[in-house]
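Quick note on labels: first sequence line is chain A, next is B, and so on, each numbered from 1. None of these values were measured; they are calculated from a predicted model.
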Amino acid sequence: WTGKGQLPLDWKEKLEEALLSADVGYRATHEILASLGRQLAQSAGFEEVQAMLMQQIVAILKASPANTEGLWDERQACLIIGVNGSGKTTTLVKLARHIQGKGKKVLLAACDTFRAGAVSQLEILAGRAAVPVVKGEPKQSPSAVLYDAIRVFEAQGMDTLLVDTAGRLHTKAPLIEELKKMRRVAESSGFPVRVLLVLDATQGQNALEQARQFVQAVGAQGVILTKMDGTAKGGIVLAIAMELGLPVYFLGVGEDLEDLLLFDPSSYAEALLS
Amino acid sequence: RLQERLNEALRTLKGTGVIKEGHIEAAFREIRRALLEADVHFQVARAFLERVREKALGQRVFESLTPDQHLLMIVHEELKALLGTEAQDLALKGAPPHVILLVGVQGSGKTTTAAKLALHLKRKRLEPLLATTDVKRPAALEQLLTLAKALNVHVYPWGKRPKSPLALAEEAIDFLRTSRYDTLILDTQGRLHADEALMKELVQMKQRIQPKEVLLVADAMTGQDALKLAGTFHEAVGLTGIVLTKMDGDARGGCALSMREITGVPIKLIGTGERPSDLEVFHPERMASRILG
Ligand SMILES: Nc1nc2c(ncn2[C@@H]2O[C@H](COP(=O)(O)OP(=O)(O)OP(=O)(O)O)[C@@H](O)[C@H]2O)c(=O)[nH]1
Ligand SMILES: Nc1nc2c(ncn2[C@@H]2O[C@H](COP(=O)(O)OP(=O)(O)OP(=O)(O)O)[C@@H](O)[C@H]2O)c(=O)[nH]1
Ligand SMILES: [Mg+2]
Ligand SMILES: [Mg+2]
């Protein structure tokens with residue numbers, strides 16, 4: 001078909017494929033296309049429809065605005081959560097470097113006391129960003145380490161406490177309980193507590209369920225979408241915005257500490273449809 | 001659930017012997033929806049539905065008294081046919097020593113799976129040796145050493161001088177040949193299938209170590225990208241099997257269908273947790289039910 005002029009008969013199929021292949025998901029895709037269909041003028045050409053679709057995607061993403069600028073103004077504790085292997089530890093240190101760049105004093109809490117090599121991994125990465133880390137004794141619980149970290153945070157007058165947590169599947173009740181407990185410990189510090197959900201862009205529809213469960217358990221301010229330097233589009237964030245109103249704050253685009261981008265709905269929408 | 005949706009779509013067809021095009025299309029839309037919601041790649045879903053349609057019409061499903069049950073049965077059969085009709089464990093045939101190479105994208109579970117495989121082989125009375133060529137990820141060796149220590153499995157040591165992944169792989173093979181170990185499980189750095197340089201390194205590594213098994217370790221939650229992922233890895237290094245990790249979650253796992261379709265390679269094992277014992281042989285019929293939800 002050609003880009004301009006008369007709509008090809010299969011325009012809806014073509015757009016559906018573009019959205020499905022980006023992991024937007026069946027339901028969200030059809031809601032978007034239905035809404036698009038209602039707005040279409042009789043004379044619309046395919047290019048025009050594509051432009052309208054892009055606008056619609058940007059609108060969905062902007063509906064829950066990411067106040068990325070003022071995110072770190074307040075002294076706060078921020079929990080970094082997500083399923084196993086999504087990129088939490090790497091992202092946390094990228095974030096620390098980003099916040100330090102704004103002149104804030106950042107402290108990290110090594111609260112993954114479970115996985116082999118987790119604390120060492122964080123220490124090495126933190127060393128590269130020159131960010132201090134509070135780690136616990138062997139066998140200490142994550143909440144106990146967090147408690148110690150809060151003490152240091154207060155004593156040293158730090159601005160931002162970023163808490164690394166162990167990867168956990170949202171289906172594991174005891175692990176979700178552990179996360180709730182960590183949130184309570186953080187809240188007992190008296191500082192505002194934020195939660196950022198780390199999602200791997202290569203995941204499919206399960207990322208939506210993860211978001212639902214984690215938000216229900218401990219709440220979340222927003223999402224960091226990692227591994228966007230691959231071929232996956234992370235379209236599930238549209239479904240997450242539509243259903244949960246959760247914004248995307250950052251994109252992880254590589255394994256180095258500078259590989260963190262501020263989320264921009266327009267460039268994201270463009271990449272999604274390309 | 002799909003069964004109920006098919007029942008609904010075909011309700012008015014039952015027992016009337018009257019086939020309405022609209023009803024058939026509604027039923028196929030429901031199957032397509034179930035597959036897409038399960039993360040099956042949309043192109044794989046389309047090809048799959050064509051095969052189901054052919055079979056369904058050939059078997060005159062829509063003239064039966066219970067078309068919904070018949071159709072669901074065909075869908076199940078086709079899924080199992082695609083996923084493999086029987087469980088397949090590792091094939092370490094021929095004289096030892098054997099080499100198992102683990103590959104995959106970042107965070108999929110390779111290092112954890114390496115340790116699980118070591119336990120799996122120990123239980124089969126084999127003597128596994130673990131090694132990693134991941135010089136990039138901070139504390140990668142420490143992670144493997146910690147896991148191996150709990151299993152009383154030896155890890156090939158790196159030595160003091162920093163080496164390249166290829167050099168480490170060759171060294172591990174040389175050591176294997178003169179050692180008492182019969183199998184080497186080689187863990188590698190996570191890499192994007194889109195990273196040409198790293199994919200090239202993998203091709204070179206395979207050429208030098210001649211592994212008996214090249215296993216793609218893939219996350220069960222992978223979405224549409226699974227098709228390109230598996231296709232690219234297979235084209236580059238020739239996979240002999242797939243290990244699907246994090247199956248203890250509630251991801252439907254439709255990526256298994258896409259990966260199987262594009263590579264023709266069997267899913268041999270699944271990861272069902274973070275402990276070394278959380279490794280099971282893959283069962284196609286269970287996966288078929290899981291994908292359909
Ligand atoms: N290509 C790419 N790789 C990434 C990105 N973010 C993280 N990774 C890699 O993904 C892998 C997992 O990252 P981690 O930071 O260990 O993930 P995690 O969520 O802390 O993992 P667990 O603590 O085990 O649950 C590592 O190999 C990282 O280098 C990204 O944006 N792009
Ligand atoms: N629940 C669950 N977690 C798993 C499973 N397999 C691995 N994990 C976890 O997933 C995370 C990533 O595992 P790794 O073994 O570090 O993954 P990797 O592929 O080696 O990561 P890179 O080397 O960075 O590419 C860890 O938190 C593991 O404990 C599984 O089958 N189930
Ligand atoms: Mg981590
Ligand atoms: Mg690893």
Side-chain angles (χ1 to χ4, degrees), chain A residues 16-27 29-30 83-90 93 114-128 166-172 199-210 213 226-227 229-236 254-255, chain B residues 32-43 45-46 105-112 115 136-150 189-195 218-229 232 245-246 248-255 273-274:
Chain A
E16 189 211 36
E17 283 184 5
L19 294 172
L20 287 177
S21 64
D23 285 312
V24 171
Y26 188 91
R27 197 172 104 193
T29 294
H30 281 260
V83 300
N84 308 71
S86 54
K88 298 175 293 300
T89 305
T90 311
V93 185
F114 169 73
R115 208 206 69 212
V119 176
S120 300
Q121 179 191 12
L122 180 64
E123 282 188 299
I124 294 170
L125 288 171
R128 292 179 193 171
R168 70 201 67 223
L169 295 182
H170 51 287
T171 48
K172 309 221 157 149
L199 294 177
D200 184 333
T202 64
Q203 286 166 3
Q205 298 310 297
N206 198 249
L208 176 57
E209 184 59 15
Q210 290 165 31
Q213 295 299 325
T226 63
K227 306 178 199 173
D229 45 321
T231 50
K233 306 269 172 108
I236 199 67
E255 302 189 75
Chain B
R32 178 176 185 258
R33 176 175 188 158
L35 294 173
L36 293 173
E37 287 179 337
D39 292 323
V40 176
H41 192 274
F42 76 91
Q43 288 168 342
R46 182 165 57 221
V105 300
Q106 290 87 346
S108 64
K110 297 173 294 298
T111 305
T112 311
K136 174 135 202 275
R137 175 169 159 148
L141 181 62
E142 178 183 326
Q143 182 184 6
L144 191 60
L145 283 168
T146 305
L147 293 171
K149 189 151 177 267
Q189 160 190 1
R191 69 200 67 217
L192 296 173
H193 50 279
D195 189 324
D219 194 323
M221 310 181 257
T222 311
Q224 298 287 299
D225 204 45
L227 193 73
K228 226 180 250 151
L229 195 171
T232 309
T245 64
K246 306 176 204 171
D248 43 320
D250 57 0
R252 300 258 290 269
C255 62
E274 298 190 73

statement: Scanning both residues in full, the closest heavy-atom pair of A:Gly204 with B:Asp39 reads CA-OD1, 3.3 Å
- prompt: Rounded to the nearest 0.5 Å, how far apart are CD of B:Glu37 and CD of A:Gln205?
  reply: 7.5 Å
- request: Against chain A, label B:Glu274 side chain, backbone, both or neither, depending on which of its atoms sit under 4.5 Å from a heavy atom there.
  value: side chain
- line: Distance col, row B:Leu192:CG vs A:Thr231:OG1, nearest 0.5 angstrom, shows 8.0 Å
message: Ignoring hydrogens, what is the shortest heavy-atom contact between B:Ala139 and A:Ser120? Give both atom names and the distance.
response: CB-CB, 3.7 Å
query: Rounded to the nearest 0.5 Å, how far apart are CD1 of A:Ile236 and CD of B:Gln224?
result: 10.5 Å
- request: Taking all non-hydrogen atoms of both residues into account, name the closest pair between B:Gly223 and A:Asp23 and its distance.
  value: CA-OD1, 3.5 Å
- request: Please state whether the side chain, the backbone, both or neither of A:Lys233 comes within less than 4.5 Å of a heavy atom of chain B.
  value: neither
task: Supply the atom-to-atom distance A:Asn84 CG to B:Asp219 CG, rounded to the nearest 0.5 angstrom.
output: 8.5 Å
task: Heavy-atom distances under 4.5 Å only: say whether B:Ala194 touches chain A with side chain, backbone, both or neither.
output: side chain
- prompt: Looking only at heavy atoms, what is the nearest atom pair of B:Asp225 and A:Ala232, with distance?
  reply: OD1-N, 3.7 Å
query: Is it the side chain or the backbone of A:Gln121 that comes within 4.5 Å of chain B heavy atoms, both, or neither?
result: both
statement: Turns out that what part of B:Asp195 lies under 4.5 Å from chain A's heavy atoms comes down to neither
query: Any salt bridge between B:Arg46 and A:Glu17, counting N to O under 4.0 Å?
result: yes
task: May I ask you to check whether B:Gln106 and A:Glu255 show a side-chain donor-acceptor distance below 3.5 Å?
output: yes
field: Contact class of B:Arg252 relative to chain A, heavy atoms under 4.5 angstrom
entry: neither
field: From A:Arg115 atom CZ to B:Thr111 atom OG1, the distance as rounded to the nearest 0.5 Å
entry: 8.5 Å
message: Rounded to the nearest 0.5 Å, what separates atom NZ in B:Lys228 from atom OG1 in A:Thr202?
response: 12.5 Å
message: Is A:Val119 in contact with chain B via its backbone, its side chain, both, or neither, using a 4.5 Å heavy-atom distance?
response: neither
message: Show, in sequence, the C-alpha distance, side-chain angles and deciding distance for B:Lys246 and A:Val83, and conclude whether the side-chain contact (heavy atoms from CB on, under 4.5 Å) test is met.
response: CA-CA 10 Å; B:Lys246 306 176 204 171; A:Val83 300; over 6 Å; no
message: What I'd like to find out is whether the side chain of B:Asp250 reaches to under 4.5 Å of the side chain of A:His170, using heavy atoms alone.
response: yes
task: Please determine, among A:Lys172, A:Glu123, A:His30, the option with the most heavy-atom pairs under 4.5 Å with chain B.
output: A:Lys172
message: Taking the side chain as everything from C-beta on, heavy atoms only, tell me whether A:Arg27 gets closer than 4.5 Å to B:Arg33.
response: yes
Steps toward side-chain contact (heavy atoms from CB on, under 4.5 Å) verdict (B:Arg137, A:Thr90): CA-CA 10 Å; B:Arg137 175 169 159 148; A:Thr90 311; over 6 Å; no
field: pair B:Phe42-A:Glu16: side-chain heavy atoms closer than 4.5 Å
entry: no
message: Looking at chain A, which one of B:Ala140, B:Ala226, B:Ala251 has the largest number of heavy-atom pairs inside 4.5 Å, strictly under?
response: B:Ala251
